[in-house]
Structures are given as structure tokens and as C-alpha cells.
J.: 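Before I ask anything, let me first share the structure, which is written out below as C-alpha cells.
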There are 2 protein chains.
Amino acid sequence: MKLIEILNKLRSSGLRPTKQRVEIAKFLFDREKTIHFTVESLNKLLLKKTSTKFALATIYNTVHAFKAAGHLNEIEVRGKKTYFDTNVSNHHHFYDNDTSELIDINAKDVVIQKLPKAPNGKKIKNIEVFINLKN
Amino acid sequence: MKLIEILNKLRSSGLRPTKQRVEIAKFLFDREKTIHFTVESLNKLLLKKTSTKFALATIYNTVHAFKAAGHLNEIEVRGKKTYFDTNVSNHHHFYDNDTSELIDINAKDVVIQKLPKAPNGKKIKNIEVFINLKN
DNA sequence: TTCCTAGTTTATAATAATTCTAAAGTGAAA
DNA sequence: TTTCACTTTAGAATTATTATAAACTAGGAA
Ligand SMILES: [Mn+2]
Ligand SMILES: [Mn+2]
Ligand SMILES: [Zn+2]
Ligand SMILES: [Zn+2]
């Protein structure tokens, strides 16, 4: 992904391209495979990859802005921390409880044959399939 | 559900039948329909229904013991609080984001036709289908 | 360029959910 | 009844997250 596209992610999220934000955006979006991360794990990874310092609040703010702009998804996993996902397409997850790791499942690899109808007055917004793994 | 069965829930969870625990167990298990709750909501409901006082730590401890014994399931929902579920059978959920309410879906009402195979060396423990609702 | 200022970063405080602790209370076996 | 391991409880500690407010900076205007 080119730098101009990275900067577009920031612009479309209403964020000025500061040093910290460009580093975060490059780290998240300039890669082949999508990545699942927590704010804490992202902070550690940024520490390794760059020489920039990041306040946790900056990471929280930036990540939330990306989420609001649709560039990140938030995923709830059994546990205390929130996971984010650079894969914003409709897809599902394996969850490996041993490693606390999320693994993408292509939406096409899960076919649902029968679904209940939504309760009165409600509609289905989206369906999340979560496959817990064991050894 | 008879009192003897309530007491069995406690016994099988390794809990002595104290005043607080019996009240909690009666409230959770002596009902027609299953219930989804958080520790905080349970505390409020107990305050209304009984004249007993409960320290939050007592509710946490008791609920966790029931969970460990398989009498309750823990459900992760997008949000900060953990939900518990007296329905410990294999089933799925609607989640109404507006009311923060979980609604049971019978396992038979969701039929999955195609599933990905588990990653190398891993097996599928269970599948959770989560249907988010909108108005 | 230099100035100016709205936007940004950051350290730290505040909040919220949960867990821990240790002192006081209690069920039930002997 | 006595005894003691188990419980309850208030409050402290912990963890993830959000809020605050002072110091900093990007970038347009002068
Ligand atoms: Mn939680
Ligand atoms: Mn959370
Ligand atoms: Zn994903
Ligand atoms: Zn349920």
C-alpha cells in the first residue's frame, strides 16, 4: 500500500497526518495479510518497529477514529481486552483460547442454511460466527 | 424447581447453602424461562426480590462457582460487562444493541451447511452464532 | 519566513468492571 | 455447646479504558 493511500486512511478518518498517526496507519494498513490486535499489543509492536514513542491515549484515539471511519472492526472476545481487526469485510473467526489468537474465516467458507426470524420490529444487522478451538 | 434441586446446584458447585447463596440460586434457577444477566443487574434484581443484602464479591464468587460447575454460561458481548446465561445448553443468541438484551435462539433454528476445517492440530470446540439486531 | 491557532500528544487522573484481602461472622460436625 | 473451616463483607487493588488539561506542532495566513 502506497504512502498516499495511507494518508488517505487518515484523511478519511478526519485525522491530520502527524508522526504518530502515520506510523500507526503504516503499521496497520501497509501489509499483505490483515491483522488482529489489542491496543496493548499494537503499542508493543509499534515500540519494536519504530523509534517513535506513543502515549496509550494516542493509540486509543487513533484506533477509534479508524473504527468510526470503517477502516477497522472491533471484535469482542471472551476476555477483558477489546480486539481490533484490519479486515473490515464481512467474515468470521476461529478463536484459539490457548493462544488468545483470532484467525479469519472467509465469509464464503461458512454457509448457513437456516436462520430464525428476527424478533418483532427488529431486523438482522449482521451475523457473526465464532468457532472456538481446542487442541 | 424444588428447593432440594436448588440445594443440589449449590452442593454440586462445592458451595455450602448459606442464606445469600440460596437466595441467588433460587433467583437464578427457580424460574420457567432462562435468564441472561450481568453481575450488576443480578444484584439489583436481588435487592428488589429479597430482603437480604449481598456484597458484590459474594455475587461474583457464587456466579463463578456456578459457571465452573456448568450451571451457568458466560457470554461475551460487545461492551464492558460480562453476561451470564442460565441456559447452559448449546444455543445461539440475538443481541439487541439498543436494549443491550440477549435473546436465545434454539440450536435447531440455526443450521450450518458448510464450515471451514480447523487449523492444523486444532479441533472445533463449539460454534457460537451471534445475530446482531437493528430496528 | 514568521505567526497564529486549532488540532494533537502526552502524562496523569478518573472511571468502571472485576478480583483480592483480611477481618468479622456463621454453619454444621463432633 | 464448642470449634473451625468456610463465608461474607467492606474496602483496597488491579486492569482496561476514557477524560483532562497543559505542553507541543502542523500548516494556513500574514
Ligand atoms: Mn469483561
Ligand atoms: Mn472490554
Ligand atoms: Zn478478522
Ligand atoms: Zn442464552
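Note that this is a predicted model, so its numbers are computed, not measured. We name chains A, B, ... by the order of the sequence lines, and we start the count at 1 in each one.
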J.: If you take all heavy atoms of A:Met1 and A:Asp30, which pair is closest and at what distance?
T.: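 Closest approach of A:Met1 to A:Asp30, heavy atoms only: N-OD1, 3.4 Å.
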J.: When the distance from CD of B:Glu74 to C1' of C:dT18 is rounded to whole Å, what number comes out?
T.: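 B:Glu74 atom CD is separated from C:dT18 atom C1' by 11 Å.
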J.: Is the shortest heavy-atom distance from the side chain of B:Leu15 to the side chain of B:Thr62 under 4.5 Å?
T.: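 Yes. Closest side-chain heavy atoms under 4.5 Å.
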J.: Can you list everything that forms a side chain to side chain donor-acceptor pair (under 3.5 Å) with B:Asn61? Sequence neighbours excluded, please.
T.: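 With sequence neighbours excluded, B:Asn61 shows a side chain to side chain donor-acceptor pair (under 3.5 Å) to no residue whatsoever.
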J.: If only side-chain N and O atoms of A:Lys81 are considered, is one of them under 4.0 Å from the OP1 or OP2 phosphate oxygen of D:dA16?
T.: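 Answer is yes, contact under 4.0 Å.
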J.: Nearest whole Å is fine: how far is C:dA17 C1' from B:Tyr83 OH?
T.: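 After rounding, the gap between these two atoms is 13 Å.
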J.: Check whether A:Val77 and A:Phe94 end up in the same hydrophobic cluster, where Ile, Leu, Val, Met, Phe, Trp and Tyr are linked by side-chain heavy atoms less than 4.5 Å apart.
T.: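 No, because A:Val77 and A:Phe94 fall into different hydrophobic clusters, even though each may have its own neighbours under 4.5 Å.
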J.: With 3.5 Å as the limit, what N/O pairs link the protein to nucleotides 12-14 of chain D?
T.:
none

J.: Going by atom types alone, do A:His91 and A:Asn106 pair a side-chain donor with an acceptor below 3.5 Å?
T.: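 No, no side-chain donor-acceptor contact under 3.5 Å.
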J.: From the options A:Leu10, A:Leu7, A:Ile6, select the one residue that forms a side-chain contact (heavy atoms from CB on, under 4.5 Å) with A:Arg21.
T.: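 The residue from A:Leu10, A:Leu7, A:Ile6 that satisfies side-chain contact (heavy atoms from CB on, under 4.5 Å) with A:Arg21 turns out to be A:Leu10.
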J.: Apply side-chain contact (heavy atoms from CB on, under 4.5 Å) to A:Leu28 and A:Phe84, showing your working.
T.: CA-CA 10 Å; A:Leu28 291 179; A:Phe84 292 89; over 6 Å; no
J.: Find the distance A:Arg11:CZ to D:dG27:P and express it as a whole number of Å.
T.: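 Distance check: A:Arg11 CZ to D:dG27 P gives 10 Å.
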J.: Considering the options A:Asp104, A:Thr86, A:Asn73, which one meets the side chain to side chain donor-acceptor pair (under 3.5 Å) requirement together with A:His36?
T.: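 So the option named by the test is A:Asp104.
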J.: Between D:dT15 atom C1' and B:Tyr60 atom OH, what is the distance in whole Å?
T.: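 Going from OH in B:Tyr60 over to C1' in D:dT15 covers 12 Å.
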J.: Can you check the B:Ile24 CD1 to D:dT7 C1' distance for me, whole Å?
T.: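 Between C1' of D:dT7 and CD1 of B:Ile24: 12 Å.
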J.: With ring centroids as reference points, do B:Phe29 and B:Phe66 lie under 6.0 angstrom apart?
T.: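 Between B:Phe66 and B:Phe29, which both carry aromatic rings, the centre distance is below 6.0 Å.
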J.: Phosphate oxygens OP1/OP2 of C:dT19: is one of them under 4.0 Å from a side-chain N or O of B:His64?
T.: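 The answer is yes; a side-chain N or O of B:His64 sits under 4.0 Å from OP1 or OP2.
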J.: Can you measure B:Leu7 atom CG to C:dG27 atom P for me and round it to whole angstrom units?
T.: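 Taking atom P of C:dG27 as the reference, CG of B:Leu7 is at 14 Å.
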J.: Each nucleotide N or O in nucleotides 3-12 of chain C that has a protein N or O under 3.5 Å away: list the pair and distance.
T.:
{"residue": "C:dG7", "atom": "O4'", "partner": "A:Arg16", "partner atom": "NH2", "Å": "3.3"}
{"residue": "C:dT8", "atom": "OP1", "partner": "A:Arg16", "partner atom": "N", "Å": "3.0"}
{"residue": "C:dT8", "atom": "OP1", "partner": "A:Arg21", "partner atom": "NH1", "Å": "2.5"}
{"residue": "C:dT8", "atom": "O5'", "partner": "A:Arg21", "partner atom": "NH1", "Å": "3.3"}
{"residue": "C:dT8", "atom": "O5'", "partner": "A:Arg21", "partner atom": "NH2", "Å": "3.4"}
{"residue": "C:dT9", "atom": "OP1", "partner": "A:Thr18", "partner atom": "OG1", "Å": "2.3"}
{"residue": "C:dT9", "atom": "OP2", "partner": "A:Arg21", "partner atom": "NE", "Å": "3.3"}
{"residue": "C:dT9", "atom": "OP2", "partner": "A:Arg21", "partner atom": "NH2", "Å": "3.4"}
{"residue": "C:dT9", "atom": "O3'", "partner": "A:Gln20", "partner atom": "NE2", "Å": "3.1"}
{"residue": "C:dT10", "atom": "OP1", "partner": "A:Gln20", "partner atom": "NE2", "Å": "3.0"}
{"residue": "C:dT10", "atom": "OP1", "partner": "A:Lys53", "partner atom": "O", "Å": "2.9"}
{"residue": "C:dT10", "atom": "OP2", "partner": "A:Ala55", "partner atom": "N", "Å": "2.9"}
{"residue": "C:dT10", "atom": "OP2", "partner": "A:Thr58", "partner atom": "OG1", "Å": "3.2"}

